[in-house]
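First the proteins, then the strands, lettered A, B, ... as listed; each starts at 1.
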Amino acid sequence: MSDAASPLPRILEVRTKILKKNDEIARAMRGRFEAQGVVVVNIVSSPGTGKTAFLEETLARLHARGIPVAAVVGDLETDNDARRLARSGVPVRQIMTHGLCHLEAEMVQAHLDGWDLSGLHYLFIENVGNLVCPTSWDLGESVRLAMLSVTEGEDKPLKYPGLFNTADLVAITKIDLASACEFDRDLAVANLEVVRPGIRVLETSAKTGQGIDEWLMELDGRRLRGR
Amino acid sequence: MHELSIATSIVEIAAGHVLEAGGGRVLAVIVRVGRLASVHEGALRSAFDVAIADTPLAGSELRVVAVPVRIFCRSCAGERELAGIGSLACPTCGTVSGDIRAGTELELESIELEPPDTSTIGAATTGPVEIATP
Ligand SMILES: Nc1nc2c(ncn2[C@@H]2O[C@H](COP(=O)(O)OP(=O)(O)OP(=O)(O)O)[C@@H](O)[C@H]2O)c(=O)[nH]1
Ligand SMILES: [Mg+2]
Ligand SMILES: [Zn+2]
């Protein structure tokens with residue numbers, strides 16, 4: 001009830017997604033990726049989990065098999081990661097975010113400009129190392145791969161449920177260091193299961209190559225299934 | 001830090017709606033933030049204060065409605081609200097559920113504008129243009 005002395009404020013109902021602009025760009029990109037038949041993987045993890053090392057191994061193997069792939073990598077500063085990845089011989093572009101802690105669809109779109117993606121089997125996007133900020137930004141990916149290294153501790157999924165909850169797939173990296181770190185694999189998987197029930201978990205090492213072929217088979221399966 | 005990107009989007013969207021409604025002084029912007037959205041309320045508030053400078057929203061207040069996570073539990077055949085976000089286990093029976101019904105949203109709910117000036121027109125004819133049901 002409004003009384004004359006203090007009229008109620010005017011209310012404008014909006015009910016809009018705050019990131020709708022990002023969502024719209026991402027949706028348009030996803031449509032293009034699907035039409036071109038390219039499976040896009042968005043890799044998210046803390047800094048130093050091993051995203052670049054994992055990708056180096058992935059790109060090198062796919063390239064050696066003659067499978068056309070490309071990668072874009074986001075970092076706050078420096079193009080170190082892009083240079084590391086480019087050694088595999090596949091096309092790579094660096095996105096420098098200059099302080100921004102996550103990639104947004106618009107940045108990826110801008111960096112894909114003029115790039116002919118048709119014929120590619122996979123496009124990998126290495127997100128900025130961060131377990132919080134990338135959560136809500138859809139990049140038009142078909143697969144969101146979240147990583148957790150054995151050196152980070154088994155409780156990461158419980159501490160960063162927001163991000164792990166958006167993952168389609170999880171890789172436990174640096175598995176070669178598991179025993180040195182007294183890593184409890186079952187506990188890590190159980191922790192993932194309570195924040196993302198049914199999630200597929202891979203165990204990988206960029207040093208020994210463990211789990212990489214399994215990962216490539218998983219990718220191949222998704223490509224055949226169309227996502 | 002991503003809170004600044006979110007605050008900037010809030011300001012862009014809100015300013016557009018205010019303009020469309022014919023302008024007016026903005027008192028508050030109300031947003032709904034799910035507990036699983038990875039957004040820190042304090043950081044969002046600070047970012048909002050930075051983002052509204054020199055915009056039609058300058059001087060307004062950000063009101064954050066924190067939305068708890070709700071899952072659908074198949075064992076209980078019903079929706080359950082969770083106290084935290086560290087587990088999607090049903091608080092009643094313990095079954096873990098990935099069927100999230102609320103708690104991931106990031107939405108601009110509404111905008112409060114200063115009411116029309118009542119000092120120059122008869123109080124009886126004034127009143128809110130639109131009132132949200134509380
Ligand atoms: N032992 C072992 N070390 C690894 C493995 N993967 C990565 N590392 C090491 O971990 C460190 C970080 O690896 P990066 O690949 O740069 O990690 P990143 O996630 O790309 O890091 P940012 O891009 O900075 O977030 C490097 O010293 C790597 O050599 C692994 O599987 N086993
Ligand atoms: Mg890297
Ligand atoms: Zn239950």
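For the pair A/Glu24 and A/Lys20, the salt-bridge criterion is not met [side-chain N within less than 4.0 Å of a carboxylate O]. Between A/Arg27 and A/Asp138, no side-chain nitrogen of the basic residue sits less than 4.0 Å from a carboxylate oxygen of the acidic one, so the salt-bridge criterion is not met. Between A/Glu154 and A/Lys156 there is no salt bridge, since none of the side-chain N atoms of the basic residue sits less than 4.0 Å from a carboxylate O of the acidic one.
Looking at B/Glu20, there are no atoms closer than 4.5 Å to chain A (heavy atoms on both sides), in backbone or side chain. Looking at A/Glu104, the atoms closer than 4.5 Å to chain B (heavy atoms on both sides) all sit in the side chain, from C-beta outward. At a 4.5 Å heavy-atom cutoff, the contact between B/Ile13 and chain A is made by side-chain atoms alone. If you measure heavy-atom distances from B/Leu27 to chain A, the contacts under 4.5 Å come from the side chain alone. Using a 4.5 Å cut-off between heavy atoms, B/Ile100 touches chain A through its side chain atoms alone. Interface remark: B/Val31 contributes side-chain atoms only to the contact with chain A (heavy atom separation under 4.5 Å).
Taking B/His17, B/Glu114, B/Glu109, B/Glu112 one by one and counting their heavy-atom pairs under 4.5 Å with chain A, the maximum is reached by B/Glu109. Contact count versus chain B (heavy atoms, under 4.5 Å) is highest, among A/Glu193, A/Lys17, A/Arg15, for A/Arg15. With respect to chain B, the highest number of heavy-atom pairs below 4.5 Å among A/Thr135, A/Leu158, A/Thr16 belongs to A/Thr16. Among B/Gly34, B/Ser97, B/Ala89, the residue making the largest number of heavy-atom pairs under 4.5 Å with chain A is B/Ser97. The candidate from B/Gly84, B/Ser38, B/Ser9, B/Gly103 with the greatest count of non-hydrogen atom pairs under 4.5 Å with chain A is B/Ser38.
If you check the side chains of A/Thr49 and A/Ser149, you find no donor sitting under 3.5 Å from an acceptor. Under 3.5 Å, the side chains of A/Gln94 and A/Asp79 contain no donor-acceptor pair of N or O atoms.
Checking side-chain atoms of B/Arg63 against main-chain N and O of B/Ala28 turns up no donor-acceptor pair under 3.5 Å. Judged purely by atom type and a 3.5 angstrom limit, A/Arg93 uses its side chain to pair as donor or acceptor with the backbone of A/His111.
Separating the OG atom in A/Ser45 from the CG atom in A/Leu145 is a distance of 9.0 Å, to the nearest 0.5 Å.
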